[in-house]
Number of protein chains: 2
Amino acid sequence: MMRRMATEQRGTGTTGRVTIRDIARLAGVSVATVSRVLNDRPDVSPETRDAVMREIRANGFTTNRSARALSVGRTGLVGLTVPIIRADYFAAILAGASEALYEQEMRLVLCTTLHEHDREVSLLERLMDGATDGAIIMLPEESSEELRALQASGYPFVVADPRKPLDHGIPAVSAAHLAGAKAATDHLLGLGHRRIGHITGPRGWAATEDRISGFQASLAAAGVLPDPRLVREGDFEVPSGHVAAGSLLDLDDPPTAIFASNDNMAAGALRAARERGLRVPDDLSVVGFDDAEIAPMVTPPLTTVRQPLAELGRTAVSLLVRLLDGQRVDASRVELGTQLVVRESTAPANS
Amino acid sequence: MMRRMATEQRGTGTTGRVTIRDIARLAGVSVATVSRVLNDRPDVSPETRDAVMREIRANGFTTNRSARALSVGRTGLVGLTVPIIRADYFAAILAGASEALYEQEMRLVLCTTLHEHDREVSLLERLMDGATDGAIIMLPEESSEELRALQASGYPFVVADPRKPLDHGIPAVSAAHLAGAKAATDHLLGLGHRRIGHITGPRGWAATEDRISGFQASLAAAGVLPDPRLVREGDFEVPSGHVAAGSLLDLDDPPTAIFASNDNMAAGALRAARERGLRVPDDLSVVGFDDAEIAPMVTPPLTTVRQPLAELGRTAVSLLVRLLDGQRVDASRVELGTQLVVRESTAPANS
DNA sequence: CTGTTAGCGCATTCAC
DNA sequence: GTGAATGCGCTAACAG
């Protein structure tokens, strides 16, 4: 037999690793007992436990996750899908989720959804092919119906930062876009600005619409009439902010402040102002959204609304874990607070 | 028995999914045959293949990866460890690796190595507990010896962007730091700068030292005597660049140009210049490294050296795949080219 | 407290 | 071309 070399040599199968059986034999107990100590079961005598642990350590044994997964019916892996956009935005969420998962002894399987929405393979198939116990779906392109279907299939998942408004009943975590936008606008209003431009994200996105609502709510509360000509649509990328701000500033009666729906576009706005010889914040105030990595780095450092991105990832995990534990999470719509971060891109209106 | 409901209802085990056995029964063939069509084996008649495929589709069957993994001895998962620093830097590599893996039908398991280097659980244990077939280790804290040990254990891995110089024989992918730094310095020299400051990364890191070498090589080639007083150590974060540049600019005979070892520190340098009333690039030229997301966003847009980050991730994957296929990769030290990207933070010296 | 016995879902020899 | 039998490494009843 090849048994005697199991410790040193490639053992029985293809894996070539020490198995629970080896440990059992070495420790002079049954596999069941080894399994017990592995899983910290109470019903094992201290002596045998020690004996087993000794062999485990001596041979550097670790349990084979595939085997355990097959046996238990749980892989200990959760998928996390991300559309590859806005690197530092998703990286932050990723970091939070990954950390939280780690504490649960779980692992994160990254699935990038390039633009495969309309390909033959559905999200569902890709996720639930036995590789993962559940998933966190970031900024999904999928419609409410499609997600409903996924849900109906029994696959546990939670949406992080829903792109479109979602049916109630679909677990989701998002930031308080409306409140954040309101705070940003209030800040501008408080500085005396009355003509405030707004560069939105893609229309139809939940985040975009909520921020618009917050913007308008703030204006309304201050008794300022919203001027439709002061609103431009962007796509969350720098150039769109640049263009949008440019067209705003070239108006006969340009705004004295601009609220951009994210920091990238705010950075674009900063550039547009600079190109026109406008000084920020003296001649123009600019507020962003996200508090991305770049916010403090641009010139001048950007006043913005912080989204708790890592926290968002962590929260998604904890929701998912609850789902995985079979707890039917009812109040599964979590909204995380946002916070205004005042830096140097805003100042009192000077007219 | 509970067999009859297997298709609709939670079947036998905990998973509740359609199994290969269900398909076999439904199609009136054996599991072996189903397995054959699943794996695109040639020895199956077209008719039976069709029959099987029909049932597979009709029931939305997908193979259970855990079961396959256990059977085949391969999980189809590779781990990717990342120290959580410099978000967009690792995000870029991540994106490349993830994409490449996807094309190989493999998945990426993210493992964040907070600062667990000195914890009881070794990288080895964490990675090879049967969860993954191999790993890509980014910017490892582990020493060459530790990595050697991992290698000796037979666990396949490749290092992406080695932090410290690595033994030959350890597969690694990195960027051409030296050449990139040389190109950056050549550029400055070409603009007439002679007093050039350099803000380094953490001393001892491979990237840092290589860039210093490139910097010095360029100077030497131009016959410029290197001035040790013009070199400052940073840590790749903005504040360190800010401080370092400040101290450089406060010199009696300040440099007319600064080459920072990454874009973050270059951004810090930009700020330091601004605080002193220096205009970039008129009074001071600044060059960064990385071509990070922020490079084009700061004021002025940064001249920098582009690292092919996504490509780095992809290359790491292809190396790893070769290792997994049992091909002993010999020439396993890959260095990817870097490229100077000239923007607006550099101009001819004006003295 | 501990050992025996069955599977988990799939791939893989072998026969037929 | 196809089926029956076996095992991958582990957990989970069920006995004792």
Side-chain angles (χ1 to χ4, degrees), chain A residues 1-3 6 10-52 56 59 61-76 128-131 133, chain B residues 1-3 6-7 10-25 27-52 56 59 61-76 128-131 133:
Chain A
M1 316 285 101
M2 53 188 80
R3 285 224 225 110
R10 309 276 147 223
T12 13
T14 20
T15 71
R17 290 187 33 221
V18 184
T19 79
I20 195 175
R21 199 142 44 216
D22 296 323
I23 300 297
R25 189 168 34 73
L26 259 23
V29 299
S30 74
V31 283
T33 300
V34 177
S35 176
R36 287 192 184 96
V37 345
L38 282 176
N39 296 288
D40 278 320
R41 288 304 203 317
D43 51 351
V44 182
S45 79
E47 300 83 52
T48 48
R49 180 184 301 278
D50 284 354
V52 171
I56 288 182
N59 297 279
F61 166 85
T62 49
T63 93
N64 179 320
R65 289 180 78 111
S66 301
R68 186 209 291 274
L70 182 56
S71 184
V72 181
R74 263 206 183 202
T75 60
M128 59 176 292
D129 62 349
D133 297 333
Chain B
M1 314 288 101
M2 52 188 80
R3 282 225 226 110
T7 336
R10 307 278 148 220
T12 14
T14 21
T15 73
R17 289 190 30 225
V18 184
T19 79
I20 196 176
R21 198 143 45 217
D22 297 322
I23 300 298
R25 189 169 33 74
V29 299
S30 73
V31 283
T33 300
V34 178
S35 175
R36 287 191 185 97
V37 346
L38 283 176
N39 295 288
D40 278 320
R41 287 305 203 314
D43 51 350
V44 183
S45 78
E47 300 83 52
T48 48
R49 179 185 301 278
D50 284 353
V52 171
I56 289 183
N59 298 278
F61 166 85
T62 49
T63 95
N64 178 319
R65 288 179 79 109
S66 302
R68 186 210 291 275
L70 182 57
S71 184
V72 181
R74 263 205 182 202
T75 60
M128 58 176 291
D129 61 350
D133 297 333

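Here is how names work: the chains are called A, B, and so on, in the same order as the sequence lines, proteins then strands, and each is numbered from 1.
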> Treating primed atoms plus P, OP1 and OP2 as sugar-phosphate and everything else as base, which nucleotides of nucleotides 11-16 of chain C get B, S or - for protein heavy atoms under 4.0 Å?
BB----
> Main chain of B:Val18, side chain of B:Asp22: is a donor-acceptor contact present, judged purely on distance under 3.5 Å?
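No, the answer is negative, given that no donor and acceptor are paired below the 3.5 Å cut-off.
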> Are any of the side-chain heavy atoms of B:Ile56 and B:Val37 separated by less than 4.5 Å?
yes
> Not counting sequence neighbours, which residues clear side-chain contact (heavy atoms from CB on, under 4.5 Å) with B:Ala67? List them please.
A:Leu70, B:Asn64
> Looking at D:dG3, I'd like to know if its phosphate oxygens (OP1 or OP2) sit under 4.0 Å from a side-chain N or O belonging to B:Ser30.
yes
> Drop me the distance from B:Ser66's OG to A:Arg65's CZ, to the nearest 0.5 angstrom.
10.0 Å
> Five pairs at each end of the helix from C:dC1-D:dG16 to C:dC16-D:dG1: take the axis at both ends and give me the angle between them to 10°.
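The end-segment axes of the helix from C:dC1-D:dG16 to C:dC16-D:dG1 are tilted 40° relative to each other.
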> For A:Asp133 and C:dC8, give me the distance from atom CG to atom C1', rounded to whole Å.
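Going from A:Asp133 (CG) to C:dC8 (C1'), I get 14 Å.
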> Between CD1 of B:Ile20 and CD1 of B:Ile23, what distance do you get to the nearest 0.5 Å?
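One finds 8.5 Å between CD1 of B:Ile20 and CD1 of B:Ile23.
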> Check the distance between C:dG9's C1' and B:Ile23's CD1 and give it to me in whole angstrom.
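Answer to the nearest Å: 13 Å.
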> At less than 4.0 Å, is any side-chain N or O atom of B:Thr48 found next to OP1 or OP2 of D:dT2? Yes or no.
yes
> Whole Å only: how far is the CZ atom of A:Arg65 from the P atom of C:dG9?
19 Å
> For residues 34-51 of chain B, which residue pairs qualify under salt bridge (charged side-chain N to carboxylate O under 4.0 Å, His left out), counting only residues two or more places apart or in two chains?
B:Arg36-B:Asp43
> At what distance, to the nearest 0.5 angstrom, does CG of A:Asp133 lie from OG1 of A:Thr75?
3.5 Å
> Just the rounded figure in Å: distance from C1' of D:dG9 to CD1 of A:Ile56.
14 Å
> A:Asn64 CG to C:dC8 C1': how many Å, rounded?
13 Å
> Taking side chain to side chain contact (heavy atoms under 4.5 Å, CB included) as the criterion, tell me which of A:Val29, A:Val44, A:Leu26 meets it with A:Val34.
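Exactly one pass, corresponding to A:Val29.
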> Could you state the CG-P distance from A:Leu70 to D:dA12, rounded to the nearest angstrom?
13 Å
> Go through the steps for B:Arg68 and B:Asn39 under the test side chain to side chain contact (heavy atoms under 4.5 Å, CB included), then give the verdict.
CA-CA 11 Å; B:Arg68 186 210 291 275; B:Asn39 295 288; 3.2 Å; yes
> Rounding to a whole Å, what distance do you find between B:Asp22:CG and C:dC10:C1'?
13 Å
> Below the 4.0 Å mark, does C:dC8 have OP1 or OP2 next to a side-chain nitrogen or oxygen of B:Arg21?
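Yes, B:Arg21 has a side-chain N/O under 4.0 Å of OP1/OP2 on C:dC8.
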